[in-house]
Amino acid sequence: MTSSGAPTVTGMRCAACGTRVPVGSNVLVCPRSTPADRHHVLHFESAVVPFRPDESNNPFLAYRRWLSVDAFGEAVGVPESGRIALIEELDAQVAAVAGTGFEKTPLTRMDALSDELGFSTSGGVWVKDETRNVAGSHKARHIFTELLQLLLAERAGVAEWGNRARPSLAIASCGNAAIAASTLARAVDWPIDVFVPPAAEQEVLSVLESLGARVHVCPRRDTDPAGDPCVHRFRESVARGSVPFGVQGTENVWCRDGGRTIGWEITDVMDHRADRVFVQVGGGAFAACVGDSFRASGLHPRLHAVQAEGCAPLARAWERALATGGATGAGARWAECMWPWENEPHSLADGILDDETYDWVGVVESMAATGGSPVVAPETDIAEAHRLGRSLTGVNVSPTGTAGLAGVIAMREQIADDENVVVIFSGVLR
């Protein structure tokens with residue numbers, strides 16, 4: 001990224017039905033999405049115009065001109081000085097709660113890990129350490145732009161609740177996303193409801209309680225349709241007026257904005273040296289954002305989306321997309337390609353066991369555009385990745401957070417020794 005200038009954000013387009021809306025529209029989902037038809041997801045559209053990032057260690061300031069939420073703020077009448085001031089103000093509030101604000105996270109070649117996996121000195125495994133991010137994972141990046149969009153709408157006087165009390169925020173999560181959302185909600189004193197499964201870990205529940213979140217345990221009901229009961233209860237809450245505040249682009253498009261800063265940071269460090277990037281996939285927004293960031297910056301390392309063998313709906317969707325007309329435009333064939341995982345999901349990497357890959361379209365498109373592919377990692381590789389990831393890097397990361405490395409291990413025989421591969425460690429081991 002060495003040229004000057006800024007991209008032109010042209011709006012949003014639904015990857016399923018093709019509906020287009022201006023970036024200044026105060027919408028969170030495709031206008032054609034309904035409770036009976038959730039197969040819609042908005043994608044941001046912008047021209048590829050590289051620029052030199054602003055001199056800031058805060059990614060939301062450094063890459064502000066690439067963020068669609070900044071274009072939203074401009075479109076609704078918030079001046080540039082006000083948009084910058086809001087990011088700075090909000091970051092300080094987050095730091096007061098989390099103990100740290102948003103900063104670019106390190107990306108380092110891990111020599112011992114590279115040697116262990118047989119890479120040459122000209123190649124190797126590079127680890128981006130998102131455990132150092134707000135709330136210990138990448139999730140806060142997605143949710144920060146959701147919160148920023150809500151606050152910009154308030155300042156511009158276009159928030160749906162107007163002068164009434166703020167509606168509750170809502171999220172379905174029992175891990176890092178719930179902690180990140182509750183941390184950001186606490187920073188601005190915004191009430192939040194968190195919908196968790198009966199098996200949610202007590203350590204996570206204790207953190208949520210300390211942040212003032214209202215926790216709702218969601219057992220599976222006999223009358224529930226296929227899919228995650230926590231998501232069903234979350235959607236019922238949104239139908240009653242709550243604001244979706246999670247990391248599923250099908251529920252709130254703005255989560256697909258802030259996550260792209262991870263890819264832009266990788267681009268800044270690696271430039272054209274990255275050959276492959278492995279990203280662990282649960283709901284899919286993480287990989288979709290990373291893939292979109294590379295496409296927006298004009299770089300194309302191969303994207304590999306990694307799932308566990310105990311829950312791999314994305315790999316199935318990839319095969320179905322190729323068999324029914326190709327990866328391009330697969331969103332129009334949603335029901336043919338993506339449906340909830342039928343078996344009980346299981347893996348040591350329990351944070352990527354989403355029944356459905358909600359943001360599958362963006363992941364599939366990015367893998368196809370970069371020559372990448374999905375990886376279904378055996379459970380033995382999931383465990384080995386966690387062992388090696390912790391012992392050879394010193395990062396206190398969870399099994400979910402090292403699942404991308406499991407993809408490297410699973411594919412190692414297909415990767416040349418001189419290739420540079422990037423994995424993202426995300427989620428502190430609690």
Side-chain angles (χ1 to χ4, degrees), residues 16 28-30 32-41 139 142-143 146 167-182 185 191-209 211-252 255 281-285 307-314 316-317 334-360 400:
L28 306 183
V29 298
C30 172
R32 295 181 64 181
S33 177
T34 69
D37 178 14
R38 312 296 304 190
H39 294 168
H40 297 266
V41 61
K139 303 287 188 178
H142 296 278
I143 298 171
E146 290 182 330
S168 177
L169 305 172
I171 181 173
S173 169
C174 61
N176 291 316
I179 292 172
S182 298
I192 183 168
D193 292 295
V194 181
F195 298 89
V196 306
E201 295 181 359
Q202 186 56 50
E203 293 86 348
V204 173
L205 297 178
S206 296
V207 173
L208 296 178
E209 181 180 355
L211 292 168
R214 298 187 297 239
V215 177
H216 306 269
V217 179
C218 306
R220 192 176 296 275
R221 300 174 182 173
D222 293 338
T223 55
D224 280 341
D228 187 344
C230 299
V231 173
H232 297 325
R233 305 293 87 79
F234 153 80
R235 286 175 172 169
E236 291 167 0
S237 178
V238 171
R240 294 191 297 268
S242 296
V243 177
F245 201 60
V247 289
Q248 298 154 345
T250 50
E251 313 296 335
N252 189 330
C255 80
V281 169
Q307 293 192 297
E309 61 183 354
C311 185
L314 178 67
R316 181 179 62 190
W334 197 305
E336 297 178 71
C337 300
M338 175 56 66
W339 60 90
W341 194 247
E342 294 90 349
N343 301 321
E344 187 67 27
H346 64 277
S347 175
L348 179 65
D350 56 5
I352 56 171
L353 296 181
D354 298 65
D355 298 66
E356 185 174 351
T357 309
Y358 303 98
D359 282 282
W360 70 277
T400 294

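Just so you know, these numbers use all the heavy atoms, side chains as well, and skip hydrogens, waters and symmetry mates.
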### Task
Compare every heavy atom of N252 with every heavy atom of P244, then report the nearest pair and how far apart it is.
O-ND2, 2.9 Å
## Note on the structure
Rounded to the nearest 0.5 Å, the CD1 atom of I192 sits from the OG atom of S182 at a distance of 4.5 Å
### Query
Could you walk me through whether S173 and V196 pass the side-chain contact (heavy atoms from CB on, under 4.5 Å) check?
CA-CA 6 Å; S173 169; V196 306; over 6 Å; no
### Query
Got Y358 and V247 here, is their nearest side-chain heavy-atom distance under 4.5 Å?
no
### Task
Answer with yes or no after comparing the ring centroid distance for W339 and W334 against a 6.0 Å cut-off, counting only values under it.
no
### Query
Can you find a heavy atom in the side chain of I171 that is under 4.5 Å from one in the side chain of F195?
no
### Message
Within the 3.5 Å criterion, strictly below it, is a donor on S237 or D193 matched to an acceptor on the partner's side chain?
### Response
no
### Query
Any side-chain heavy atom of R214 within less than 4.5 Å of one from S168?
yes
### Query
Would you call V29 and V41 a side-chain contact if the rule is heavy atoms closer than 4.5 Å?
no
### Message
Counting C-beta onward and ignoring hydrogens, is there a side-chain heavy-atom pair between E201 and D350 closer than 4.5 Å?
### Response
yes
#### Entry: R235 side chain reached by P35 side chain, heavy atoms, under 4.5 Å
no
### Query
How far does CD of E236 sit from OG of S242, to the nearest 0.5 angstrom?
11.5 Å
### Message
As an exercise, state the distance from CH2 of W341 to CG of D354, rounded to the nearest 0.5 Å.
### Response
13.0 Å
### Summary
All heavy atoms of A177 vs all of I143, minimum pair found to be O-CD1, 3.7 Å
### Task
Start with the C-alpha distance between V243 and V238, add both sets of side-chain angles, then the distance that settles side-chain contact (heavy atoms from CB on, under 4.5 Å), and finish with yes or no.
CA-CA 6 Å; V243 177; V238 171; over 6 Å; no
### Any V281 side-chain heavy atom under 4.5 Å of T357 side chain
yes
### Task
Say whether, by atom type as modelled, one donor and one acceptor occur between the side chain of D37 and the main chain of H39 under 3.5 angstrom.
yes
### Summary
Here the pair of heavy atoms bringing S33 nearest to R38 is OG-CA, 4.3 Å
### Message
Rounded at 0.5 Å granularity, tell me how far CD in E344 sits from CG in D355.
### Response
7.5 Å
#### Entry: Nearest heavy-atom neighbours spanning C311 and P313
C-CD, 3.4 Å
### Query
How far apart are the closest heavy atoms of C218 and P198, and which atoms are they?
O-CD, 3.6 Å
#### Entry: Check: P225 main-chain N/O paired with H232 side-chain donor or acceptor under 3.5 Å
yes
### Task
Report yes if some heavy atom in the side chain of H216 is under 4.5 Å from a heavy atom in the side chain of R233; otherwise report no.
no
#### Entry: Q307 side chain vs L314 backbone, donor-acceptor pair below 3.5 Å
yes
### Query
Near R32 CZ, under 6.0 Å, is it more than 12 heavy atoms from other residues, nucleotides or ligands?
no
### Task
Tell me, with the steps shown, if Q248 and F234 meet side-chain contact (heavy atoms from CB on, under 4.5 Å).
CA-CA 12 Å; Q248 298 154 345; F234 153 80; 4.2 Å; yes
### Task
Look only at the side chain of D359 and the backbone of G249, and say whether a donor-acceptor pair between them is shorter than 3.5 Å.
yes
### Message
Less than 4.0 angstrom from a charged side-chain N to a carboxylate O is my criterion; do E342 and R316 meet it?
### Response
yes
### Query
What's the shortest heavy-atom distance between A317 and M338, and which atoms?
CB-CE, 3.6 Å
